[in-house]
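Notes for the one structure printed next.
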Amino acid sequence: MEDDAPVIYGLEFQIHIIDFDDENNIINKNVLLHQAGEIWHISASPADRGVLATCYNRTSDSKVLTCAAVWRMPKELESGSHESPDDSSSTAQTLELLCHLDNTAHSNMACVVWEPMGDGKKIISLADNHILLWDLQESSSQAVLASSASLEGKGQLKFTSGRWSPHHNCTQVATANDTTLRGWDTRSMSQIYCIESAHGQLVRDLDFNPNKQYYLASCGDDCKVKFWDTRNVTEPVKTLEEHSHWVWNVRYNHSHDQLVLTGSSDSRVILSNMVSISSEPFGHLVDDDDISDQEDHRSEEKSKEPLQDNVIATYEEHEDSVYAVDWSSADPWLFASLSYDGRLVINRVPRALKYHILL
């Protein structure tokens with residue numbers, strides 16, 4: 001051949017539905033084809049276990065665009081199955097497209113976040129410097145843009161991540177762009193707080209404390225995890241410096257907020273006990289308003305001294321950057337981590353700590 005002929009490879013972009021059989025300690029997998037493109041972000045609806053959203057790359061007119069869409073998985077996969085399919089014989093199934101989050105005006109979707117409570121009909125996408133609030137209608141087959149806001153300032157400002165607060169009747173969203181954290185009121189799409197230079201380098205992820213309404217965790221490329229009280233953002237209430245490279249993820253335990261997971265490019269997952277800034281700093285549930293009362297009586301009872309923060313465990317099963325960590329929504333003592341090399345690891349909170357928290 002005189003000319004080099006182009007070679008086109010049939011790439012199959014996939015979503016793997018992982019089913020963990022707790023009784024037999026077996027991981028089963030079902031494969032769904034995501035034919036729209038390469039996935040960069042995925043988030044599941046909190047109201048409908050069969051619905052998820054993805055951000056993915058698509059090529060248009062020789063330009064790579066990052067789009068977003070909402071999908072439904074096959075019915076038989078929604079309930080989960082402990083039957084382990086034979087990988088060699090099982091055929092991949094296809095996701096059903098429900099709707100696109102139309103991005104004709106915004107070319108790069110960074111992430112999609114669902115309203116944490118409610119009927120799963122509200123969703124926010126972060127695209128370039130725009131925050132977009134969508135209403136999903138007609139059984140999620142149509143996404144209508146309800147309101148939006150934009151970052152304003154010098155340079156090319158771009159959102160990198162966001163998180164919807166489960167507190168304040170789900171009217172607040174936190175976002176990250178570069179090294180800055182911002183809070184937004186979804187009713188007016190106006191900014192309610194701003195933490196400039198929250199990290200020394202790019203902010204990678206955020207998470208709200210599920211039990212303390214003003215507490216927000218962040219992590220970034222400065223290898224740090226920081227905890228903020230959004231009522232006073234002049235400085236963090238606590239900083240963790242246990243990782244040696246970029247921290248990609250931070251996640252509060254849904255039930256026991258003293259348990260915090262982080263994953264990093266240092267290939268490690270760290271489970272920390274941040275009990276001093278949790279809802280149970282004295283070993284039992286305490287409201288924000290009760291802290292001052294506790295302090296008044298602290299001298300009377302030494303047993304009311306806050307417990308000490310510490311690293312519970314460092315997990316080194318990964319050999320590559322850990323890009324995702326998360327807690328099980330069904331079992332508060334179970335968590336998973338995923339690394340760049342495709343390795344998924346499921347772990348448990350150490351039994352001794354579990355009983356210490358419960359008892």
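Computation of the quantities below employed the complete heavy-atom set of this structure, encompassing side-chain atoms and omitting hydrogens, waters and symmetry-equivalent molecules. In this chain, numbering begins with 1 at the start of the sequence shown.
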Look up atom OG in S139 and atom NZ in K121, then write down how far apart they are to the nearest 0.5 Å.
-> 5.5 Å
Indicate whether the side chain of H318 and that of E316 have a donor and an acceptor atom separated by less than 3.5 Å.
-> no
Is there side-chain contact between V269 and L261, with heavy atoms separated by less than 4.5 Å?
-> yes
Answer yes or no: is there a side-chain heavy-atom contact under 4.5 Å between V51 and L136?
-> no
Just say parallel, tilted or perpendicular for the rings of H168 and Y214, cut-offs at 30° and 60°.
-> tilted
Under 4.5 Å between side-chain heavy atoms, hopping through other hydrophobics if needed: is there a path connecting W228 to L240?
-> no
Heavy-atom check, side chain of D22 versus side chain of D331, under 4.5 Å = yes
How about L126 and T175: do any of their side-chain heavy atoms sit closer than 4.5 Å?
-> yes
Dump the intermediate steps for side-chain hydrogen bond (donor to acceptor under 3.5 Å, both in side chains) on S218 and H199, then the final yes or no.
-> CA-CA 9 Å; S218 63; H199 285 261; 2.7 Å; yes
Given W71 and T54, is the side-chain contact (heavy atoms from CB on, under 4.5 Å) satisfied, shown in steps?
-> CA-CA 8 Å; W71 311 84; T54 60; 2.8 Å; yes
Cationic N near anionic O, under 4.0 Å, R343 to D320 | no
Is T160 reaching over with its side chain to a backbone N or O of A176, donor-acceptor style, under 3.5 angstrom?
-> yes
Would you say the side-chain atoms of N57 pair up with the backbone N or O of G37, donor to acceptor, closer than 3.5 Å?
-> no
Any donor and acceptor pair, going by atom type alone, linking the side chain of T59 with main-chain N or O of L65 inside 3.5 Å?
-> no
Looking only at heavy atoms, which two atoms of K212 and I277 are closest? And how far apart?
-> CD-O, 3.5 Å
side-chain contact (heavy atoms from CB on, under 4.5 Å) between T180 and C194, worked out = CA-CA 7 Å; T180 301; C194 179; 3.7 Å; yes
Under 3.5 Å, is there a donor-acceptor pair between the side chain of N249 and the main chain of V325?
-> yes
What side-chain donor-acceptor pairs closer than 3.5 Å can you find for residues 232-239, not counting sequence neighbours?
| unit_1 | atom_1 | unit_2 | atom_2 | d |
| --- | --- | --- | --- | --- |
| N232 | OD1 | T234 | OG1 | 3.0 |
| K238 | NZ | D309 | OD2 | 3.1 |

Do the side chain of S264 and the main chain of H245 share a donor and acceptor less than 3.5 angstrom apart?
-> yes
Among the clusters formed by ILVMFWY side chains lying less than 4.5 Å apart, do L157 and F159 turn up in the same one?
-> yes
May I ask you to decide if G120's main-chain N or O and W114's side chain share a donor-acceptor pair within less than 3.5 Å?
-> no
So does D185 pair up with R187, basic N to acidic O under 4.0 Å?
-> yes
Carefully, step by step, assess W184 and S190 under the rule side-chain hydrogen bond (donor to acceptor under 3.5 Å, both in side chains).
-> CA-CA 6 Å; W184 304 82; S190 58; over 6 Å; no
Distance in Å, L52 CG paired with L95 CG, rounded so as to fall on 0.5 Å steps = 6.0 Å
Donor-acceptor pair, S43 side chain versus V112 backbone, under 3.5 Å?
-> yes
Taking only Lys NZ, Arg NE, NH1 and NH2, and the carboxylate oxygens of Asp or Glu, determine whether R163 and D205 approach each other closer than 4.0 Å.
-> no
For L206 and L181, run side-chain contact (heavy atoms from CB on, under 4.5 Å): C-alpha distance rounded to whole Å, both residues' side-chain angles, the deciding distance at 0.1 Å, then the answer.
-> CA-CA 9 Å; L206 308 165; L181 304 179; 3.2 Å; yes
Within the side chain of D257, is there an N or O that forms a donor-acceptor pair under 3.5 Å with the backbone of S279?
-> yes
R268 side, atom CZ; S339 side, atom OG - distance, nearest 0.5 Å = 14.5 Å
Hey, is K158 close enough to D178 for a salt bridge, meaning N to O under 4.0 Å?
-> no
Derivation of the salt bridge (Lys or Arg N to Asp or Glu O under 4.0 Å) call for D229 and R231 = CA-CA 5 Å; D229 183 336; R231 296 167 296 183; 2.8 Å; yes
In sequence, state the C-alpha distance, the side-chain angles, and the governing distance for S150 and H130, and then conclude on side-chain hydrogen bond (donor to acceptor under 3.5 Å, both in side chains).
-> CA-CA 4 Å; S150 301; H130 302 281; 2.8 Å; yes
Just by distance, do the side chain of W134 and the backbone of A146 share a donor-acceptor pair under 3.5 Å?
-> no
Pairwise side-chain contact, E138 with L98, heavy-atom cut-off 4.5 Å (strictly under) = no
Value for CD (E242) from OG1 (T314), rounded to nearest 0.5 Å, stands at 7.0 Å
Angle class for the H100/Y56 ring planes (parallel below 30°, perpendicular above 60°, tilted otherwise)?
-> tilted
Under a 4.5 Å cut-off applied to non-hydrogen side-chain atoms, are I39 and I15 in contact?
-> yes
First locate atom NE2 of H167, then atom CG of N209, and finally report the distance between them rounded to the nearest 0.5 Å.
-> 6.0 Å
So, the side chain of S272 versus the backbone of M274: is there a donor-acceptor pair under 3.5 Å, distance only?
-> no
Does the side chain of H243 pick up a donor-acceptor pair with the side chain of T262 at under 3.5 Å?
-> yes
Hey, mind stepping through F335 and Y315 against ring pair (Phe, Tyr, Trp, His ring centres under 6.0 Å) and telling me if it holds?
-> CA-CA 12 Å; F335 60 91; Y315 301 89; 5.4 Å; yes
W248 six-ring face occupied by R204 cation (under 6.0 Å, within 45°) | yes
Got a second to check how far I192's CD1 is from T171's OG1, nearest 0.5 Å?
-> 7.0 Å
Test log, rule side-chain contact (heavy atoms from CB on, under 4.5 Å), inputs N30 and I18 | CA-CA 7 Å; N30 286 283; I18 304 298; over 6 Å; no
Indicate yes or no: at least one non-hydrogen side-chain atom of I131 is less than 4.5 angstrom from one of M189.
-> yes
Single-linkage hydrophobic cluster F20~L338, side-chain heavy atoms < 4.5 angstrom = yes
So do the side chains of Y215 and D207 get within less than 4.5 Å of each other, counting heavy atoms only?
-> no
When you look at NE2 of H356, are more than 12 heavy atoms from neighbouring residues, nucleotides or ligands closer to it than 6.0 Å?
-> no
